[in-house]
S.K.: 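Okay, handing you the structure first.
Order of the sequence lines sets the chain letters (A, B, ...), proteins ahead of strands, with each chain counted from 1.
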Amino acid sequence: MAFIEHSDAFDLAATLESGQAFRWRREDAQNDGTTWFEGVIFSNIVRIRQVTGGVEWDASPDSETSMAPILRDYLRLDDDFPAIISTLEFDDILRGMFAEYKGIRILRQEPWECLVTFICSANNNIPRITKNVEDMAAAFGSPIQGTKTEKNAFPTPAQLADAGEASLRKLGLGFRAKYVAAAARRVADGEFDLYSLREAAYQDALDTLVEFAGVGDKVANCVLLFSMDKCEAFPVDVWIDRALREWYFSDSEEKVSRNKMRAWAQARFGEHAGYANQYLFHGRRLRDRK
DNA sequence: AGCCAGGCCCTCC
DNA sequence: GGAGGGCCTGGC
């Protein structure tokens with residue numbers, strides 16, 4: 001059992017369940033009130049829970065020594081979260097949300113899995129996206145060695161390219177199967193390295209991602225934000241569309257397009273617009289549940 | 001039955 | 001360059 005200390009506001013459960021990652025499973029709460037999550041990242045099964053002053057975790061099969069920096073990176077615990085939040089507190093709506101639920105972080109996921117996941121998100125719902133991702137891993141991913149559970153790593157580009165459109169369709173991906181298969185083929189053929197987009201400028205990386213069939217402005221911005229270090233990314237989905245229309249454009253007569261919404265939000269919220277996005281998304285969804 | 005779900009693509013203007 | 005319709009599939 002390993003421990004990562006942190007002092008800033010950090011809500012592990014809200015972060016893992018905020019709809020940016022899809023392979024974390026909540027376990028039943030312990031008697032002490034803590035809750036374990038089990039997930040698969042970087043070909044490891046990771047269990048993690050939040051305790052006072054930090055997070056406890058273990059991983060298998062890799063050693064704690066090798067996984068520690070990877071997990072720390074994945075959780076972005078080295079971000080100066082209070083400083084980021086402080087750049088957004090000029091906004092009344094966001095300030096209210098920070099007061100209500102502080103500590104939702106942006107994760108730094110693996111780009112390939114993130115790309116496939118959000119290709120699968122098009123005109124879909126979260127339970128089925130989760131099922132699609134899990135089914136792909138079960139059918140085509142490599143078994144994780146040395147563990148009793150039957151979880152597989154997320155499939156590599158080559159594994160999904162070999163799987164092909166027809167078998168992906170059988171898993172229930174629908175029209176997205178074609179896009180996933182094509183993306184897998186492109187990446188497996190080594191046309192380019194997705195990780196290299198982390199070093200690219202936001203606009204260049206965006207232009208590159210939308211060249212994938214099935215990847216438009218919204219999906220690309222999700223991939224940039226959740227896996228490619230582009231905190232200025234601002235994906236506009238139906239929830240953000242609603243949030244902005246109701247909370248910021250309610251006086252406006254005409255309908256604002258989603259492209260204009262993104263440009264407006266990035267100009268308003270700046271280099272950490274992605275964090276604003278995450279809170280607006282969460283806040284708007286939460287309001288409907290109440 | 002018909003609509004919606006964290007959009008995208010294609011056509012047509 | 002923007003609006004409108006179709007799309008796999010499953011749940012309500």
S.K.: Tell me whether the guanidinium CZ or amine NZ of A:Arg186 lies under 6.0 angstrom from the six-membered ring centre of A:Phe212 and within 45° of its axis.
M.R.: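 Satisfied, under 6.0 Å and within 45°.
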
S.K.: If you measure from the P atom in B:dC10 to the same atom in C:dC8, how many Å do you get, rounded?
M.R.: 13 Å

S.K.: Between A:Asn124 (CG) and C:dC7 (P), how many Å, whole number?
M.R.: 17 Å

S.K.: Whole Å only: how far is the CE atom of A:Met261 from the P atom of C:dG2?
M.R.: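 For the pair A:Met261 CE and C:dG2 P, the rounded distance is 13 Å.
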
S.K.: What is the distance, to the nearest angstrom, from the CG atom on A:Asp241 to the P atom on C:dA3?
M.R.: 12 Å

S.K.: So A:Ser18, base contact, sugar-phosphate only, or nothing? Heavy-atom distance under 4.0 Å.
M.R.: base

S.K.: Between P on C:dT9 and CD on A:Glu165, what's the gap in Å once rounded to a whole number?
M.R.: 11 Å

S.K.: What is the distance from CG of A:Asp237 to C1' of B:dC4, rounded to the nearest Å?
M.R.: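 About 14 Å, once rounded to whole Å.
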
S.K.: Measure the distance from OH on A:Tyr179 to P on C:dT9 and round it to the nearest whole Å.
M.R.: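 Result: 14 Å.
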
S.K.: Just by distance, no angles: are the side chains of A:Asn259 and A:Ser257 close enough, under 3.5 Å, to form a donor-acceptor pair?
M.R.: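 No, A:Ser257 and A:Asn259 have no side-chain donor paired with an acceptor closer than 3.5 Å.
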
S.K.: Hey, do the aromatic rings of A:Phe10 and A:Phe81 have their centres closer than 6.0 Å?
M.R.: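 No, too far apart.
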
S.K.: Does any nucleotide pair with C:dG11 by Watson-Crick or G-U wobble geometry, both distances under 3.5 Å, and what is it?
M.R.: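 B:dC3 - that is the nucleotide pairing with C:dG11, both distances being under 3.5 Å.
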
S.K.: Name the residue from A:Val215, A:Asp217, A:Asn221 that meets the side chain to side chain contact (heavy atoms under 4.5 Å, CB included) definition with A:Val219.
M.R.: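 Testing each of A:Val215, A:Asp217, A:Asn221 against A:Val219, the sole residue satisfying side chain to side chain contact (heavy atoms under 4.5 Å, CB included) is A:Val215.
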
S.K.: Run A:Asp79 and A:Tyr275 through side chain to side chain donor-acceptor pair (under 3.5 Å) and show every step you take.
M.R.: CA-CA 12 Å; A:Asp79 279 2; A:Tyr275 281 86; 2.8 Å; yes

S.K.: Closest to the A:Asn125 side chain: B:dC8, C:dG10, C:dC7?
M.R.: C:dG10

S.K.: What does A:Phe212 touch in the nucleic acid at a heavy-atom separation under 4.0 angstrom: a base, only the sugar-phosphate, or nothing?
M.R.: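 If one applies the 4.0 Å heavy-atom cut-off, A:Phe212 turns out to touch the sugar-phosphate alone, with no base involved.
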
S.K.: Students often get this wrong, so: under 4.0 angstrom with heavy atoms, is A:Asp217 touching a base, only sugar-phosphate, or nothing?
M.R.: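 The answer is sugar-phosphate, as A:Asp217 gets under 4.0 Å only of primed atoms, P, OP1 or OP2.
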
S.K.: Below the 4.0 Å mark, does B:dA5 have OP1 or OP2 next to a side-chain nitrogen or oxygen of A:Arg242?
M.R.: yes

S.K.: 5'-most contact on DNA chain B: A:Gln278 or A:Val210, nearest heavy atom basis?
M.R.: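 It is A:Gln278 whose nearest nucleotide is closer to the 5' end.
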
S.K.: Side chain of A:Arg176 only, heavy atoms from C-beta on: which candidate in C:dC8, B:dA5, B:dC9 is closest?
M.R.: C:dC8

S.K.: Please work out if A:Ala213 contacts a base, only the sugar-phosphate, or nothing of the nucleic acid, heavy-atom cut-off 4.0 Å.
M.R.: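 Result for A:Ala213 = sugar-phosphate.
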
S.K.: Can you tell me the distance, in whole Å, between the CD atom of A:Glu254 and the P atom of C:dG2?
M.R.: 11 Å

S.K.: Using a heavy-atom cut-off of 4.0 Å across all strands, would you classify A:Phe281 as base, sugar-phosphate, or nothing?
M.R.: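 It contacts base atoms.
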
S.K.: Given atom CG of A:Asn259 and atom P of C:dA3, what is their separation to the nearest angstrom?
M.R.: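 Going from CG in A:Asn259 over to P in C:dA3 covers 11 Å.
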
